[in-house]
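Worksheet: the structure to be examined is printed underneath.
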Amino acid sequence: MTNNSNNAQVTGKTSIKTYRDAINDAIREEMRRDPTVIVLGEEVSGGAGCDGEDDAYGGVFGVTKGLMPEFGRERVIDTPISEAAIIGAAAGAANNGLRPIAELMFFDFIGVSFDQIFNQAAKFRYMFGGKSKTPMVIRGTVGGGWRAGAQHSSMLHSIVTHIAGLKVVMPSNAYDAKGLMVQAIRDDDPVIFLEHKVMYDNECEVPDEQYAIPFGEAAFPRQGKDVTIVAISNMVTHAIAAADLLAQEGISCDVIDPRTVSPMDDEAILESVEVTGRLVVVDEGNPRCGLASDIAGIVAEKGFHSLRAPIRTVTAPHTPVPFAPELEDAYLPNVDKVLAAVREVLGA
Amino acid sequence: MPYQEEFLLRAYRSMRTIREFEERCIAEFMGGNVPGFVHASNGQEAIAVAACIDLSDSDIIGSTHRGHGHCIAKGCDIGGMMKEIMGRSTGLCKGKGGSMHIADIDKGMLGANAIVGGGPPLVNGAALASKTLGTKNVAISFNGDGSANQGTAMEAMNMAVVLQLPHVFIYENNGYAEGTAANYGLGCDSLTDRNAGFGMPAECVDGNDFFATYEAIKVATQRARDGGGPTSIEAKCVRFDGHFIGDPQLYRGKDEVKNARKNQDCLKIFRDRVIKEGWLKAAAMNAIDKEIKAEIEQAVADGLAAPHPDPATDLMSDVYCSY
Ligand SMILES: Cc1ncc(C[n+]2csc(CCOP(=O)(O)OP(=O)(O)O)c2C)c(N)n1
Ligand SMILES: [Mg+2]
């Protein structure tokens with residue numbers, strides 16, 4: 001697989017890495033570099049207090065595997081099932097000299113911890129007149145495709161993007177995942193780091209050395225002049241596939257992956273639409289008050305005169321995520337839906 | 001004989017149905033006929049049956065991610081359950097919920113729950129409705145040892161005490177929360193002592209012993225119906241399989257499961273006891289085993305033959321909007 005992130009200035013030695021391992025690399029190297037970085041959450045190591053093997057899970061998706069054997073249980077902390085206390089501890093520790101990476105496992109579990117995120121961690125810096133910093137990362141897996149049902153498949157990125165004080169990161173490939181995780185750990189604000197569960201095994205070329213990707217800088221996995229397609233997280237996969245199919249018909253798509261949705265690279269999107277005059281936004285979230293409608297709103301407000309056709313959004317419908325495979329497949333955006341939207345804005 | 005023969009046969013049938021259902025779910029999952037995540041409750045059957053055997057449809061239970069046994073014990077149709085777990089449109093929730101979200105409101109089964117600690121506040125609500133309307137119904141929440149550490153569970157226990165709600169909190173302590181030891185998460189050796197601190201009667205029983213569990217829960221439900229408020233019952237038990245089906249269980253000790261299956265099997269313990277006491281004949285239970293095998297076989301066949309949901313009509317039904 002090739003690197004989807006064309007901003008990649010890959011120098012030095014690289015390896016083919018999965019999305020999972022790229023995140024693991026980023027965390028491991030930062031923990032080696034900075035003793036204040038800690039990891040906490042349920043099963044981040046696994047096997048606590050048990051008779052069998054230590055590090056039995058390394059996170060239920062294996063993302064933090066191997067960290068506990070290297071850094072010990074003092075820095076890789078298995079917690080009780082107490083999300084409010086996990087997030088609160090991370091925020092409080094961040095105010096007091098640590099750089100915690102708190103794992104929510106499935107991001108759906110934000111529900112039980114939400115006050116500690118949006119009323120507490122998110123507000124400290126501004127509310128305390130800039131005197132407090134909260135350098136923490138909250139990791140969670142998002143999205144459908146695993147037949148995991150309504151309470152383990154949500155996106156919820158729009159909810160955290162709505163909250164002032166939080167940074168929201170949604171990598172679409174292993175290269176970005178590593179660089180964005182490094183930035184997230186080094187950042188002095190609370191960062192929500194959302195990993196799409198169907199992407200953990202996706203591979204691309206990743207530098208061995210540590211590098212940080214700045215927040216608010218989009219990537220341009222495909223360049224074109226006919227239609228702008230903005231997509232985020234796993235939707236970038238569909239956008240690229242659609243762009244490659246359309247290229248065979250002579251339609252060139254400008255695919256933009258904002259990578260971070262808070263802050264977001266509005267400029268990149270507006271500049272692209274200035275050229276193409278046509279915009280499709282692909283987002284796995286619900287349609288109302290969501291990222292797709294937000295991006296459409298930004299372009300309608302600031303790029304209206306560039307537009308040569310109405311904006312089209314491709315999103316999930318306004319329902320919880322259904323369990324049955326046929327329903328979940330119909331629920332999720334896919335290549336065909338992106339193709340149809342592009343043809344529509346082209347009037348084809 | 002302290003128990004009616006009919007009661008004992010009913011208890012055995014229910015426990016055996018759960019065992020057979022779960023073992024078959026595991027096989028069907030491995031065979032690719034069950035999508036998603038499934039948490040099996042084999043090994044823990046005695047608790048579900050002891051709690052539900054005397055309940056009526058208007059008594060309420062709230063369950064967990066490990067909820068198949070609670071459903072069966074509460075009288076949910078196993079055909080409808082199997083179809084739901086397979087994601088078919090004739091399943092109990094039309095295939096929209098799946099294993100972690102089976103509910104059957106008509107049977108007083110408020111739902112499995114994929115959010116740890118999601119259930120007990122809701123069950124408080126059912127108990128509050130019973131108290132307010134004076135129905136004398138009892139509400140039972142099933143909880144895992146790990147879920148006891150969730151704020152929602154602690155808030156619900158406190159509120160149940162404050163409002164003296166007819167809520168029996170049953171904690172199935174199977175020793176693990178995923179791959180974390182129960183006592184590690186609890187930070188102590190006795191969940192029962194901790195729950196007693198909320199100001200309600202709290203008892204710890206051997207959950208592998210149907211009779212001990214039944215007797216303790218019976219006292220608790222009667223107290224609840226009589227206006228005596230909530231009770232905590234911790235039932236120690238064994239999870240025979242992984243946290244989820246397919247879990248490699250690296251965190252468990254060597255031979256732990258093998259030994260538990262041999263020495264702590266609630267079904268074997270039940271059989272041995274009723275035979276030793278002369279309460280039931282082995283032949284009667286063997287006949288039940290045979291019947292249940294056939295029933296589950298039928299449920300699986302019906303499940304596999306059941307229609308899949310149709311996205312054109314089913315995706316946007318049961319929702320108030322069309323976008
Ligand atoms: C709020 C929330 N946090 C975490 C999880 C992930 N999770 C599912 S089951 C489980 C362990 C539950 O342990 P316990 O309560 O002992 O129940 P058991 O699985 O042993 O039946 C965890 C951590 C979840 N589903 N919901
Ligand atoms: Mg448990």
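Convention: sequence-line order gives letters A, B, ...; per-chain numbering from 1.
- Looking at B:Asn183, there are no atoms closer than 4.5 Å to chain A (heavy atoms on both sides), in backbone or side chain.
- Taking CZ of A:Arg288 as the reference point, atom SG of B:Cys321 lies at 7.5 Å (rounded to 0.5 Å).
- For the residue pair B:Gln150 / A:Ser82, no side-chain donor-acceptor distance below 3.5 Å is found, with atom types taken as modelled.
- Nearest approach of B:Leu250 to A:Ala56, heavy atoms of both residues: CD1-O, 3.6 Å.
- Using a 4.5 Å cut-off between heavy atoms, A:Glu328 does not touch chain B at all.
- Around atom CZ of B:Arg261, more than 12 heavy atoms belonging to other residues, nucleotides or ligands sit under 6.0 Å away.
- When heavy atoms are compared at a cutoff of 4.5 Å, B:Thr180 approaches chain A by way of both its backbone and its side chain.
- The greatest number of non-hydrogen atom pairs below 4.5 Å with chain A, out of B:Gly95, B:Gly185, B:Ser147, is found for B:Gly95.
- Rounding to the nearest 0.5 Å places CG of A:Asp329 at 10.5 Å from CG of B:Leu315.
- More than 12 heavy atoms of other shown residues, nucleotides or ligands fall within 6.0 angstrom of atom CE in B:Met154.
- Taking each heavy atom of A:Ala150 and B:His101 in turn, the nearest pair found is N-NE2, 3.8 Å.
- Ranked by non-hydrogen atom pairs under 4.5 Å with chain A, the options B:Met86, B:Lys96, B:Glu178 are led by B:Glu178.
- No other option in A:Ala48, A:Ser45, A:Ala330 has as many heavy-atom pairs under 4.5 Å with chain B as A:Ala48.
- For B:Asp310, the part sitting under 4.5 Å from any heavy atom of chain A is the backbone (N, CA, C, O) and nothing else.
- To the nearest 0.5 Å, atoms OG1 (A:Thr315) and OH (B:Tyr323) are separated by 10.5 Å.
- Listed options A:Ala148, A:Gly111, A:Ser153 were ranked by heavy-atom pairs under 4.5 angstrom with chain B; first place goes to A:Ala148.
- Residues B:Pro35 and A:Phe323 are in side-chain contact: their nearest non-hydrogen atoms beyond the backbone lie under 4.5 Å apart.
- Between B:Pro311 and A:Leu327 the shortest heavy-atom distance is CA-CD2, 3.8 Å.
- Looking at A:His152, only its side chain comes within 4.5 Å of chain B, counting heavy atoms on both sides.
- With contacts defined as side-chain heavy-atom distances shorter than 4.5 Å, the pair B:His243/A:Tyr57 qualifies.
- Interatomic distance, A:Thr319 OG1 to B:Asp314 CG, rounded to the nearest 0.5 Å: 12.0 Å.
- Applying the 6.0 Å contact sphere to NE2 of A:His162 captures no more than 12 heavy atoms from other residues, nucleotides or ligands.
- Across B:Pro309 and A:Glu326, no two heavy atoms sit closer than the pair CD-OE1, 3.6 Å.
- Only the side chain of B:Tyr184 comes within contact range of chain A, judged by heavy atoms closer than 4.5 Å.
- Within the 4.5 Å cutoff, the side chain of B:Leu186 has no heavy atoms near those of the A:Pro80 side chain.
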Check: Do B:Phe37 and A:Arg147 pass the side-chain contact (heavy atoms from CB on, under 4.5 Å) test, and can you show the C-alpha distance, the side-chain angles, and the key distance before you say yes or no?
Finding: CA-CA 8 Å; B:Phe37 291 106; A:Arg147 322 312 189 195; over 6 Å; no
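- In this structure, A:Phe109 CZ and B:Ile115 CD1 are separated by 5.0 Å, a value rounded to the nearest 0.5 Å.
- Here the side chains of A:Gln151 and B:Asn113 are in contact, with some heavy-atom distance below 4.5 Å.
- The greatest number of non-hydrogen atom pairs below 4.5 Å with chain A, out of B:Gly118, B:Gly97, B:Ala148, B:Gly187, is found for B:Gly97.
- Taking A:Pro317, A:Cys50, A:Gly47 one by one and counting their heavy-atom pairs under 4.5 Å with chain B, the maximum is reached by A:Cys50.
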